[in-house]
Structures are given as C-alpha cells and as structure tokens.
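Worksheet for the structure shown next.
Note on naming: letters A, B, ... go to the chains in the order of the sequence lines (proteins, then strands), and numbering restarts at 1 for each one.
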Protein chains: 2
Amino acid sequence: MVRLIATYALLIVVLGCPLRGTSQSHPRLLLGEEHITEIRAQLGQVPLFDSSLAKAKAEVDAAIAEGIQVPVPKDMAGGYTHEQHKKNFFMLQKAGAIFRITEEEKYAQYIRENLLAYAKLYPTLPIHPTDRSYATGKIFWQCLNDANWLVYVSQAYDCIYDWLPAAERQLIEKDLFRPFADFLSVENPQFYDRIHNHSTWGNAAVGMIGMVMGDEELIQRALYGLQENGHSGEKYDNDGGLIRLPGQKESGFLAQIDHAFSPDGYYTEGPYYQRYAIFPFMIFARSMANNLPEQGIFSYRDSLLIRSVSALLNQTNAVGEFFPINDAQKGMSYFSRELVTAVDISYYFGDQDPALLSVAADQGRVILDESGFAIAKDLAKGQALPFIRLSQELTDGAKGDEGALGIIRPKNTDEELCLLMKYTAQGLGHGHYDKLSFSYYDGGDEIMQDYGAARWVNIDQKAGGRYLKENKTWAKQSIAHNTLVVDEKSHFGGVFKVANANHSEPYLFVTDAKAYQLASAKEQNAYPGIEMHRTMIMLEDESLRRPLLIDIFRVTAAQNASQHQFDLPFYFQGQLMNSNFEYEISTTGPSVLGTSDGYQHLYQEAKGHSPQNTAWINCFNGEDFFTLYTAVDSTDELILARAGANDPLFNIRRDPALIVRKANQNQSVFLSALEMHGSYSPVTEIPLDPFGSLSGLEILWNDADYTVVRIQHQSGTTWTFCIANRNTDKEKEHSMIIDGKNLLWRGPTHLIKTPKDE
Amino acid sequence: MVRLIATYALLIVVLGCPLRGTSQSHPRLLLGEEHITEIRAQLGQVPLFDSSLAKAKAEVDAAIAEGIQVPVPKDMAGGYTHEQHKKNFFMLQKAGAIFRITEEEKYAQYIRENLLAYAKLYPTLPIHPTDRSYATGKIFWQCLNDANWLVYVSQAYDCIYDWLPAAERQLIEKDLFRPFADFLSVENPQFYDRIHNHSTWGNAAVGMIGMVMGDEELIQRALYGLQENGHSGEKYDNDGGLIRLPGQKESGFLAQIDHAFSPDGYYTEGPYYQRYAIFPFMIFARSMANNLPEQGIFSYRDSLLIRSVSALLNQTNAVGEFFPINDAQKGMSYFSRELVTAVDISYYFGDQDPALLSVAADQGRVILDESGFAIAKDLAKGQALPFIRLSQELTDGAKGDEGALGIIRPKNTDEELCLLMKYTAQGLGHGHYDKLSFSYYDGGDEIMQDYGAARWVNIDQKAGGRYLKENKTWAKQSIAHNTLVVDEKSHFGGVFKVANANHSEPYLFVTDAKAYQLASAKEQNAYPGIEMHRTMIMLEDESLRRPLLIDIFRVTAAQNASQHQFDLPFYFQGQLMNSNFEYEISTTGPSVLGTSDGYQHLYQEAKGHSPQNTAWINCFNGEDFFTLYTAVDSTDELILARAGANDPLFNIRRDPALIVRKANQNQSVFLSALEMHGSYSPVTEIPLDPFGSLSGLEILWNDADYTVVRIQHQSGTTWTFCIANRNTDKEKEHSMIIDGKNLLWRGPTHLIKTPKDE
C-alpha cells in the first residue's frame, strides 16, 4: 500500500482537493505526470515493459501502415466492419500509451486522424442495421461493443488531449464523445442501468470519457447510474438474463461492485465471465484512483476489487485456464488481455503481492501504464514469489449467502490435482442447471470434465459465433454435468426463473484435518420434496500413490412419494481401458438415451450390471491412468454413454460418460471414488501402476443423521469416514455402533484409518 | 570421417591385424582404452554427457538399493517377472558403462551379483511356461526379449570382464552365456535365421557375447547365420509374418542389412518398427567397428546404416514423432532410447553430420559410450546446425524396386506442413492394406490421420498389451485409411500372402518445379482388373495463405466389367464446423456402415448429396481451421462417418471421417483439395481467416493419357494442372485442347496459373 498512499498524498498536497474534471493537465486516466518521468527515464532497463512496448509498437506500426479504416457499420461479429472497428479501438489505445511514453508524434497523428474520421461518421449513424440485440449499438451490433470502444478510445484521446488543437477537441467532443456517451446511457437505459457486466462496461465508458472531458455530469452518471426507473418490469436480454434484478434499486459503477461480487470476490456467472467483467472494473477503478482518490475505490468493500482478481486467479487449473463452469469456452486463461490488465492494476493499486509477479512473468507481457511498469520493474528486481493455488471456498451472492464454489487441492504434496465442486446460485442468464456438480483436474488435464458452453465464440460458421441451440438443449442441462438427475428432468425443471431464485446450501468445508479435506453441500430446491446432499473428500495418505477423491452423493425423497430414477453421470476424459463388470452393446449401433432435458443428445453405447458390490472402470487419458469406482447393487444399471445424438450440425463433442442409474428408489447413496494412479508414455512404452489399488467401497450406514462409508485398499488398509448429516457443531460428540464396534468422535466428520494388520 | 579413419588406423597400427576375440583387453564392445582416458579426463566439462551420466547413476543407485531380484520367469509382458528381468538388463548395461567411466566398484559388484544369480537360475529353466510364441524364450515369453536381454547384458559383462575373477568368468560363461547364445540360435532357428527384426536382435546378441567371450564360432554365427535350412517351408510368426521370405537363401547380420533396408535406408515395416529394429543394428555395428574393423560395417552398402538413421529421422513430424503407418503406436518419437542410441552412433561412426547435434540437443541425453561422449562434446563446442526435414522419396524393397514412401514438405517457406503418401510394399506382417493412402500434418498436429495400430503397447488391461482383435478387423483394413476402397472390400481381399507379393509402382516424384511438388503412384494389383492412380500435389503460391494440397485419385476398371462402388475416406482430425451441402441424420442414432472389411466398425452419422459441383467441409482442430473440398456430382454420396461400431471393449477411438462415395461406376476421378487457412485461440477469441478461399474444383479432362484439373480461387485466380498418365519422359512434348485453348507443355506435369484478370 505504500505507493498507493504516497500517490494519494501527492495529489491531495499538490491540488488541495480531489479533482473532478477541472483544468488539470492530461492524461488523467493513466500515465500521468507523476509516473511518466520515471518510465521514460528507465526505458531499456525493465525487460518485460520494454518487450511489451516493442510488441505494441510493432502492432500499431502495422496498423498505421494499413491506413485509416473507419467503415460504415454493417456486419455482425466476425464480419469486416465489426472486426475493423474492434481492431481500431485496440490500436488506438495502444497508440495513446506509446505516444505518451515515446513522444513520437506519428502515434498522436494516427489517433487524431481516426478520431476525426469517427467524429465525421458518428453523427450520420442510425442504430446498427442488424438490430438483433436488446440494446443495439451504432458502431457495433450491440451497445456492449460500443462501450468497449469508448473504454479503449477514451484512453487514446486522453493521451493526446494536450497535444490536440482546442478546436479539434471541441469538434470531437461535440460530434463524437458526448453523443456517444449519451447514447450508451440515457438513450439505452435497459443497457446502462442494469446490474450486469454489460452495464459495467457502459458505466466505465461514460465515466472515463467524462473524466477526460472534465464532464462532471457524465462522471456522476457513471458512478450512480441514471437514477431513473424507466426500464423496470420483467425483461430479458439476448442471453435470457434479467434486465433488472428482483428488488434492484441502485445502478451505476459503485452499485455494480456492491452487487456483482460476493464478499469473497466471486462473480456469480463464474470465472469465464468474471474474466470479461473484471476488465472495465479495473480500468475504471484505475481512472478513479487517479482522478477521484477520495473515493478510495480499491479499498471499497474491504478491497473487493483486489480480492476479486485474487479469487479469479485461484479459479484456474495448473496451466492458468479458468474452470469452465456455466457458459464458458474452454481454454480461456489468465493469459488473456483482461487478466494481464487485472493483474497489473491489482498489483500496483493493491498491496504488491509478490506472487502476482510470478503470474505476470508467466503472462509474458504487461500493460503500458504505470501499473504495468511497476510490476515489470519489481519482477526485474527479483522480488517474485511462487504463485500457489490453494483450497478455498468462495461464497456466492452479493452478501455471500447464496451458496458457494468449493475448490480443494492437495495440501501435503505439490500434486496438481484439483477438485471443483459447485453449489453456487444459478449464475444469472449464463448459469447451468448443475447443482452439486463437480469437475476434477490433474495439472492441465481434465479428468472429470465440465462440458462448458456449446459455443465457438466469434467463429462465424458456428451460428455467427454466438450460443448454439445445443447450449440450451444440451450444455445447460443437468445430465450434461457430473451431478444427480432425477427422473430424467433437469434441476428446477430447467426453468430459469425458478433456478435463479434458488441456490444450494454450503454444509461443510474442511481444510484443517490432517489426512483429508472436504466440501459438502445440500440442495433442497432443484427437485421439490427431494433433498440432495453431496460430500466430496480429498484423501491424502501415505498408503496411496496419489491423493484419492471420495464422493458421497445422498438423495432422499419423501418416503410416501412415488419411486424415482436417479442418474449420476461421470464425464471421464479418456479412453476406457477395462472394467470389472460386463455390459452389452448393440451390433446395430447405439440407441438414444432419452427424449428431453439433454437426454436426447446422449447415446447409450453399452449397458451393464455389476455382480460385485463395487463396479469400476479403468481409463487412460494419453498420459495417466485412473480408476473410477462406484458402490452398486445388482439392480443398478451402468450405462456407458456418449454425447452427440440429435446433433444435426455437429455442435456437440463426442465425449464419453459413465452413468450410474439407480431406479425405483426413494433414497439412495451414490458412493464413488476416483483414483489417479499410473502413467504411460508412448515413447518409453512402459506403463507405471496401470491398475487401481482399491478393492471395494461400502456404505456402512446412512440415515438422516449419519452416513458412514468404508474404502478398502488392496493392501488390507481401510478408511472409514463418518459424517453427521445435520449437525456441523465442531464440539458436538457423536457415537454409533458400526460392525459391532463403538465409533466415537467429536465434530461433524471423522476419518479412521485401519492398517491391514488390525 | 576423420575420426573414424583415425580410429581404424590406430587399431591397425597398434594390433597389426584385426581382432577376432583374441586376448585383447576388455571392454571390447564399447568404451575401449582408446576412448576412456579422454572421457575420464573431461568429466564435468561436457554438460549433456555429464547430465546423462548423473541420471543413469541415479537410476542404477535406486536399483541397487532395491537389491538383486532374479525371479523364476512366469509372467507375460506387464507382469512382475517380465518387467523385473527387463529392468535388470537396462540397469546392468548402464551399471557397466558407469563402472567403466567412474571406476566405482559398487557398480561392478552389482553386475557380478546379478550375473551369478542368472548363472545359477539359467541352467534350471525349461522354456518359459507361457508357451505362447512361435519362439518361446526362457527368461521371457519370447526369444525376442531374451535376445534383448543378451544384447544389453553382454555390454555389462564386457565392462567388468577384466575386473571379474577368472573362475567366475568361467562359471558365468559356461552356465549362462554360451547356453544362452545357443538357445537363441541353434535351438531356435525359426527365430534366429529369419530376415526380420527378431533375428537381427538374435544375431546381435549372439555376436556381441561372442566378441566379449572371444568365441569365434558365435561371431561367425552372428554374421552369417546358421547356414542351415532346417526351418524352411511356409510358416508364420505370432503377428502373421512369414518365417522365411520367398527365395531367402542367406541369414545372419550381414544378410539383415542386405535385405532389411532399401537402398534409401527405408525399412519395409515402416518407421515405428524401424525405430525398434535400428537399435540392434547400430549396437552390433558399433561392436563390429571396434572389433572387426576390416568389415567396414558402417561403410557397408554405401553406408546404409548411417543413411537408414537419416531416413528414419526424416520420417518424423515437426515434433519428432514417427509417421504411424502400418502397425504403429502413435507418439513414438526420436526421443526414444533406440533413437538416442542410433543418433549418437550414427554421428560418431558416420560423417559427424552437424544437424544430428541439434537432434541430440532436442533429445536431451546421450548414451554412455564413446559416441555419446563425442556428440555431447561437439554440441558443447557449438557445432550444431539446424535439423531440417526435407521432401524425399524413400524406395522400398531390398533393391529399391518395391514401391516407395513419398514425403513432401513446403520448400519455399518454413511452414511445417507435411504430406506422407504411401505406395510401398506391404510391410511384412505389420503391413496395412492401404495402397496409395496418405496422411497430412501441420506441425505436430495430424490433419488427415493415419489411424495407426489398434494396440496399447505393454498396457496389460488391453489384451496384455498385445495387438487387439480390432487391429486386424479395423486398423489394417483399407477403409480405415485415406485411400480408395472398391465394393467395400479391402485391398488384395485383405489376404496377406497376396498383398505381400505385390507393391505399388512409383510414377512421379517432383520436387524441382517452382510452385509445386508432387508424388504420384499407381496400384494395379489391389483389385484385379482395376487400376488406381493417385497424384498428390503441394502447391505453394503467393495467392494462397498457406500451401495447398491437391489430390487426384483416378480409378479405372475394365469397361466391360460390372459397375463398382468407390469409397474414398478422409480421416480429418477436428470438429466439423460447417459444410456447403446438406445431409440427413437419424434421430434414433447412427447406423453401421457395413458388415466386413472394417466397415462393420464405422458408424454413418450423416449422409448427404451436394447440389454444387464442389462439396466442402470446414473443420477446426483446436488451433487451426482447414477446409477439405472435393469435386462431386449430384449422385455422389457424402457420408459423415465415425469409427467405433461393434467395439465391445472400447478398443477403437471415436474418430471422424468424410467418405466420398461414387457408386455404379467403371471409372472415376476423385479430385480433392485440402486447404489450411486459419487459426483461433480460445484466449484471444479472435478467429483469423476461418474460411477457405477456393471457389471450386473441376476435372477438365481425364483419359488413359491425360488428366487435367482446375482449382479456382475466390479471387478469380485459377490453377490448371495437367499430368500425362503414361509417359514420364521429361523431354516429351504434350498438346491438348482444353476449353477451346491449346495447351502445350514439355514433361509429364504442367501447372498454369491464371490471374483473375485474364
């Protein structure tokens, strides 16, 4: 915080009072006078900043060589006019920073010419001819992209403000920026006044250009919204998200911070969208810190923005890819431009966490402002510490009381295994119907996958790069996830309004026991009258080659209700090697598993029953062997399924699953275990530990109060795990008689290891 | 050659005449006196040798710590006794080299104790209890593995020969090595006297232990075989390979070199097996160079062994993985121990090709002998030059007259595209029925794949790691490859004997034209009365974003014969993005495409027809976009297929294919083009050039003498390609009238580019 306080102090001392768009010199958003002297003096001495600057110059030089291109807007995403305007705003922002740093006038000239072209074009524009959005833009097909443009271009304008003749400033502000800001706000309240990432972009855009122009009205509009109620009522955006949240009274940037993040910095749509949303938050917060320091924006809500970046970084696998829960395209990672920006700003305006230096080094570039310079400089000084991902429960909901996301990673070894268990709220319009689902990683490899979205973002040949029909009919449905489905119907009947009004209940999150960590949560509302309770345990024990994942999924329906079919899928990522049960396949090809709720997109490739009480499949993912065990009785069905049925446009990946089906039941416990145990290289051709080491799983007890399970190792060692199902009191003593033995323990969970000779 | 000549000269000068197992000091196979002094003196100064030595020491130290384990043989591959004996021979060989280099006695002691244990065990052994091989071993289930053992352990014995008390030497030789060598040779002539990689191992094993023991009889037996004819007649090994080749008269190591490789150094089974076979060749050749220099083994057949290593390295994709033609497990690469050995020995005993230094650097380790030391030393001196893979046609057959493998890579850019076209002989027992098939790479990515073998080598849960049933029913069949299938029957009826008696005929291989390279070959025997002629052209042109692959597959049946169905599959590796033709899918799931010859393992996911004359599919492989075009008429069927039908043990990958079907025809031309054109990153989410740029393919002419095709670019540019179908004379002048224009050209092929405005 030292630097931050110093900066504030400087501003207050020099100027007497905070600036509100007065006559202070430009730039105001970034690279102010207090920073630029040091940066210019140290050029050539801070490698990561120097290389980032060189790369940006090469890009902008190439754009300059192509000439000014400001076409009349026409195309959707992927089309020429869309991509050109998008390229323009990226290049203009970079050109601004380069001009500020290098003082080479050709970059200012490039910005000037573009701005004059836009100022000439803008007054002629009706709304975008596509007219496909709930909030159609002028430059782009939606206001969101127009707001992107203004966030970037306001920075470019800021950097040449002092250089530009006053008459041209006046022209550009009158014909371009002020009407642009009004269009995004007062003319599109359904876009601007939401609690939603779209509005965050809108607020930031209006606020940043307001600061540059010294337009107090726009700044107030950015911070506090339109203060109107002209767009209330139940309306939805193009993605099915609510325009106005139930009970929403406030709007504007500060309200976004109040509502968008949980107290733990979790963003309810999930990390893929948090990555997108974090950018305008951080960029505008930087602008506020430089212009409205009295707001203390980075300290707001207990430094929520800083902690949100930290939460986001922790929602990545070992190679930096975000967990693809809800609507998310796989592969998005902390190498994205948004995260480079977020990490740099978070480092500089936060508490200079040395672990962020390692992330920045991995990212391999910094942004061209005072924060990028600071992080590159400290990195060059060798101040980096390793970035270590930890077990963490991130609460959901603005108040932190709407479920949570449980992340568990080994704590006794440096194994890069990671369990993600999802018991959050619905996640607004981008949420999936997958209460209590999980995914599991080994390094960068998905072992049990979350399917992610059915979408190829911006790829025109797949429905214009937008969400595919199968996103709704398949990817959002419960059966597409590693969670329980009752009677082949999705959670909440697949009805958004119902789902959005509910959330799961965290039950336990334990990371302080010696040999295990666990996440446990309940879901009471996905199916009326049915309680689901899942507990997932990561067991670390010297008897095991690698940490073991244990999964206890209890489902309880009212005893007098009709019988149910319970399906629990496991979307394993790998080739089936073998199994300990027999199954039948059809010689004429697979059948389709069902007719709706996602089942219509699943093939049944094989179906079997297990004569033994523990069924398993052994799999190989190209590098590692793993075995999935599940406790069954002889009537349970084991279905080897594959996604891709009724997929006329080949929009669904042909990924496999094992579905454990317990039919005609009122209550069941699905006890499963996932063991990572071996490896193989096609170069050495030597398999190491290709077989699982467990000999059986057993449910010793299950009722409303307690569940007790036993995991048996081939060595003879067993682990008995007990959980109290409705008492989380850490001091409460429990006693039971199991196998004729008295079990006594204190607190909600208990693990007993019995070595082979006992 | 300088060092090699110097070495020979030294031996001849010092010893007067070549050694033949006389009283010279040991070791004789490697690390002789003339090398060891320099190596010992420079320890710590040659990084790659030092790190390789340190790694080997760590491995052997761990093995020593585990204690001597010489169990009574019992298990198949994957089982304990198999894996332990295998580990033993690897560790003993390394221990020998380490002892020789470091003179630390614990390594000699470790070898001594193992040898005494083996000498005690061996006389008690009957043949291995599994008795599943055509040549069952004693230590292992097959003689092949016993020969592996002896090749490695003879080196270990060599390194401690002088250190070991004479009485123990006598014991070990009497009870272990001499009977071991006899067992592999005179007691198993069906194993020892073949022209086959099994016998190469046997010859090398017998020869190497002969050299160490000074046993002239064994050395002669290694070089010239058993000189018997006791095992003639038509017999097959476990993989269906012939025990004795037709007309085979010779055997022994020199005969292997005469018969195993083509004059270009190609090994008829393909690079996966060449990788395996090359090891005993190089190891025994090193032993011969050090003991029988008058044989000039590395100069034999115009330095064939050295050129064979070079050919093998050129049969890799951009990340060093071998082309998986015939029976081959994908992922095997030049990082394997066999290739480390081959590269080091080839460098040292060959002409010190500085490109091999780059390969060694990439491999990251060297073997612990004089050759590994030499390559590491020269690498440390900075003598490496880049290793550049080139276009090359590798003839098949001992005389080079049994077909060939065509490899084409861009020559005008550093693009890592690679076309592999296969018009070889059958490839013995491991051959696939895929005359004129091809595969295509972009860097390390398969774009059009060769399926490889249906096998997980050494992975016990998949049929003991051996070939799966589906290797025969699917992987070997013609329809599993990117080549033409007539009437749903595999080439040669899938009959090995017929296939093995035939080979394709190379027609043209052009690499000296300016804008294109091509491979062209004919197959007359796969289907009686039907000629297949495929020409594959890599076009490099400034109008194209990336090089373009053009594929002209002509098939001609006798005019008076019955009509045929011609199927040409393309196993594209990627997700189907879109197509320009419509197709139908079944809502109840895919059907099975056929009943035999591999068709029973294919699902038909969709079937369509194209209203346009050029049908295309656009695909994305996670990084790149590509488009496959094919010229069709409205009756042609376009089948979107997927492997995996009738696969009860999940032994087949669910990989997709487009099958172009022309039915009721006597002659057809399949004209196709494959364009790599774009890319996409899930981090930037910006697609670059996602669409193909060709507007059409057209067959302008086809008869017995000429084929003329035209490729149309969206820009209006066209390329017209002409090929004379039965005259390869470079001076011959051809003339035709096409589209009313006179075409005149000289030589068998001709390309005309017509810019858009002509």
> Contact part of Asn646(B) toward chain A, heavy-atom cut-off under 4.5 Å: side chain, backbone, both or neither?
Replying inline: both

> Which residues from residues 334-343 of chain B are near chain A, with near meaning under 4.5 Å between non-hydrogen atoms?
Replying inline: Phe335(B), Ser336(B), Arg337(B)

> Under the salt bridge (charged side-chain N to carboxylate O under 4.0 Å, His left out) test, which residues partner Lys87(B), sequence neighbours left out?
Replying inline: Glu66(B)

>> So for Ser333(B), is it side chain, backbone, both, or neither that comes closer than 4.5 Å to the heavy atoms of chain A?
In response: both

>> Can you confirm whether Pro682(B) sits close enough to Met332(A) that some side-chain heavy atom of one is under 4.5 Å from a side-chain heavy atom of the other?
In response: no

>> Strictly less than 4.5 Å between heavy atoms, which residues of residues 452-463 of chain B line up against chain A? Please order them by number.
In response: Trp456(B), Val457(B), Asn458(B), Ile459(B), Asp460(B), Gln461(B), Lys462(B)

>> Tell me the closest heavy-atom pair linking Thr587(B) and Val592(A), and the distance in Å.
In response: O-CG2, 3.5 Å

>> Are the side chains of Phe650(A) and Pro656(B) in contact, using a 4.5 Å heavy-atom criterion?
In response: no

>> Under the rule for salt bridge (charged side-chain N to carboxylate O under 4.0 Å, His left out), what residues qualify as partners of Glu59(B), not counting sequence neighbours?
In response: Lys94(B)

>> Looking at chain B, which one of Glu321(A), Lys86(A), Arg642(A), Glu584(A) has the largest number of heavy-atom pairs inside 4.5 Å, strictly under?
In response: Arg642(A)

>> I'd like to verify something: which residue of Gly622(B), Pro648(B), Gly589(B), Gly465(B) has the highest number of heavy-atom pairs under 4.5 Å with chain A?
In response: Pro648(B)

>> Is Phe322(B) in contact with chain A via its backbone, its side chain, both, or neither, using a 4.5 Å heavy-atom distance?
In response: neither

>> As a quick check of understanding, evaluate side-chain contact (heavy atoms from CB on, under 4.5 Å) for Arg654(B) and Glu605(A), giving each step before the final call.
In response: CA-CA 12 Å; Arg654(B) 268 43 176 178; Glu605(A) 291 198 318; 3.3 Å; yes

> What option among Ala645(A), Ala77(A), Pro590(A) has the most heavy-atom pairs under 4.5 Å with chain B?
Replying inline: Pro590(A)

> Is the number of heavy atoms from other residues, nucleotides or ligands under 6.0 Å of Gln714(B) CD greater than 12?
Replying inline: yes

> Relative to chain A, which of Arg275(B), Gln600(B), Gln575(B) shows the most heavy atom pairs under 4.5 Å?
Replying inline: Gln575(B)

>> Report which part of Ile652(A) has an atom under 4.5 Å of a heavy atom belonging to chain B: side chain, backbone, both, or neither.
In response: backbone

> With a 4.5 angstrom heavy-atom cut-off, which part of Gln329(B) approaches chain A: side chain, backbone, both or neither?
Replying inline: side chain

> Looking at Asp647(A), Thr684(A), Ile585(A), Val683(A), which makes the most heavy-atom pairs under 4.5 Å with chain B?
Replying inline: Val683(A)

